[in-house]
There are 2 protein chains.
Amino acid sequence: MATTTQELADLLKALGEFNRLSLVYELCECKAPRNAMCLCSCCSVDASVASRHLRVLAQEGVVEMEKQGRERIYSLNREEVAHKLRALADRIEGAGTELSKETEL
Amino acid sequence: MATTTQELADLLKALGEFNRLSLVYELCECKAPRNAMCLCSCCSVDASVASRHLRVLAQEGVVEMEKQGRERIYSLNREEVAHKLRALADRIEGAGTELSKETEL
DNA sequence: GACATAGTTGCACAACTATGCAAATATTGC
DNA sequence: GCAATATTTGCATAGTTGTGCAACTATGTC
């Protein structure tokens, strides 16, 4: 999977905002997915703000949304996001030894 | 090494801009550290822009700067940045594989 | 000294972003 | 139908950010 520089920058930017990262942490730590009301209270922001942050995270593929009645259930795209972060970590660290360009999971 | 949410968000925000990520990539791929002039040409931006981006990256600990005559030589903090990215990847992915997160919740 | 090179800083500006409020939409339950 | 809950959207606003240019500092060379 070839992630372009721009795509990766957008992903990092999506994660690089305090409230959005807090939302991701919140989704990390609970096993069951959460609805937006629960998430907006964890950041103590308005519901509209949580809605917009979650949309950004969804656009970048960090979370996935499922409609369930009048609620939206959000869940983390754990493996995809973790993989991209590790690929970047490998690229940053790997060139020092210049031997391992492969990213294995 | 406890990285706060805000610190990590700042790091991700520093990496989450196209030109800054390009600078980091450039520093990844050349073994020897580079001076700022070389880096500004890789992004085709003004020298002042490269200077400011490099300062942001230095503030977040992504790069380190060393004065050498009238030049500034920049090098990546490879291990530190890679470690933080992997720690986030682990946190995001970890609870999904339910290794030992139950005890912490 | 004068001049060139490397880099930073001040300024202005345009573009973007996060935020809250109010209104709108959607859905569930009565 | 009506009311309540969950979420999104429009709007205004305040704050931030990326950018280039010009001026500046700092260091090296002649």
Side-chain angles (χ1 to χ4, degrees), chain A residues 4-27 30 32-76, chain B residues 4-27 30 32-76:
Chain A
T4 69
T5 306
Q6 185 66 64
E7 285 169 352
L8 183 55
D10 289 341
L11 170 65
L12 294 170
K13 188 176 291 183
L15 293 172
E17 201 272 339
F18 181 80
N19 281 328
R20 279 198 295 268
L21 189 57
S22 302
L23 288 179
V24 170
Y25 278 177
E26 185 72 17
L27 284 169
C30 58
R34 292 281 172 101
N35 66 6
M37 284 295 97
C38 170
L39 293 170
C40 94
S41 69
C42 103
C43 289
S44 48
V45 292
D46 194 74
S48 63
V49 173
S51 173
R52 276 183 266 249
H53 280 318
L54 286 164
R55 178 159 48 160
V56 172
L57 292 173
Q59 278 172 344
E60 295 307 321
V62 179
V63 302
E64 265 182 12
M65 189 259 284
E66 192 190 351
K67 272 180 100 164
Q68 220 174 77
R70 67 188 146 191
E71 296 184 356
R72 266 84 170 156
I73 307 295
Y74 290 92
S75 56
L76 267 182
Chain B
T4 69
T5 305
Q6 185 65 64
E7 285 169 351
L8 184 54
D10 289 341
L11 171 66
L12 294 169
K13 186 177 291 182
L15 294 172
E17 200 272 337
F18 181 79
N19 281 328
R20 278 197 296 268
L21 188 56
S22 301
L23 289 180
V24 170
Y25 277 178
E26 185 72 16
L27 284 170
C30 58
R34 292 282 171 101
N35 65 6
M37 285 295 98
C38 169
L39 294 169
C40 93
S41 68
C42 102
C43 287
S44 49
V45 291
D46 193 76
S48 63
V49 174
S51 173
R52 275 183 268 251
H53 280 319
L54 286 164
R55 177 158 50 161
V56 171
L57 291 172
Q59 277 172 346
E60 296 307 321
V62 178
V63 302
E64 267 183 9
M65 189 261 283
E66 192 191 351
K67 273 181 100 163
Q68 222 173 76
R70 66 187 149 191
E71 295 183 357
R72 267 83 169 155
I73 306 296
Y74 290 93
S75 57
L76 266 181

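Each chain gets a letter, A, B and so on, in the order the sequences are listed, and its residues count up from 1.
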Quick one: [X] [atom1] to [N] [atom2], roughly how many Å, whole number?
X       : N      : atom1 : atom2 : value
B:Phe18 : D:dT19 : CZ    : P     : 10 Å
B:Ile73 : C:dT5  : CD1   : C1'   : 14 Å
B:Glu66 : C:dA6  : CD    : P     : 18 Å
A:Leu54 : D:dT7  : CG    : P     : 9 Å

For this session: Check side chain to side chain donor-acceptor pair (under 3.5 Å) between B:Gln6 and all other residues, then give those that pass, not counting sequence neighbours.
Result: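 B:Gln6 satisfies side chain to side chain donor-acceptor pair (under 3.5 Å) with B:Asp10 only.
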
Seminar exercise, completed: Closest non-hydrogen contact found for B:Leu15 with B:Leu21 is O-CB, 3.5 Å

Exercise. Which pair of non-hydrogen atoms, one from B:Ala14 and one from B:Val56, has the smallest distance, and what is that distance?
Worked result: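 For B:Ala14 versus B:Val56, the nearest heavy atoms are CB-CG1, 4.0 Å.
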
Problem set entry | Contacts of A:Gln59 that satisfy side-chain contact (heavy atoms from CB on, under 4.5 Å) - sequence neighbours left out |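 Counting only residues at least two positions away or on another chain, A:Gln59 forms a side-chain contact (heavy atoms from CB on, under 4.5 Å) with A:Arg55.
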
For this session: Using the side chain to side chain donor-acceptor pair (under 3.5 Å) rule, collect all pairs that involve residues 13-27 of chain B, keeping only residues at least two apart or in two chains.
Result: B:Arg20-B:His53, B:Glu26-B:Arg34

Only pairs under 3.5 Å count here: list side-chain donor-acceptor contacts from residues 62-69 of chain B, not counting sequence neighbours, and write none if there are none.
none

Exercise. Which residues in residues 6-16 of chain A have at least one heavy atom lying under 4.0 Å from any atom of DNA chain C?
Worked result: none

Exercise. When you check every protein heavy atom under 4.0 Å of nucleotides 19-30 of chain C, what one-letter string (B, S, -) results, 5' to 3'?
Worked result: BBB-----BB--

Exercise. Just one of A:Leu27, A:Val24, A:Leu11, A:Leu76 clears the side-chain contact (heavy atoms from CB on, under 4.5 Å) bar with A:Leu57, so which one?
Worked result: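 So, applying the side-chain contact (heavy atoms from CB on, under 4.5 Å) to A:Leu57 and each of A:Leu27, A:Val24, A:Leu11, A:Leu76, only A:Val24 qualifies.
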
Side chains of residues 41-50 of chain A: which donor-acceptor pairs under 3.5 Å do they make with residues two or more places apart or in other chains?
unit_1: A:Ser41; atom_1: OG; unit_2: A:Cys38; atom_2: O; d: 2.8
unit_1: A:Asp46; atom_1: OD2; unit_2: A:Ser48; atom_2: N; d: 3.0
unit_1: A:Asp46; atom_1: OD2; unit_2: A:Ser48; atom_2: OG; d: 2.7

Polar-atom pairs under 3.5 Å, protein N or O versus N or O of nucleotides 23-25 of chain D: list them with distances, or write none.
none

Exercise. Taking only N and O in the side chain of A:Arg55, is any of them less than 4.0 Å away from OP1 or OP2 of D:dT7?
Worked result: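 Answer is no, no contact under 4.0 Å.
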
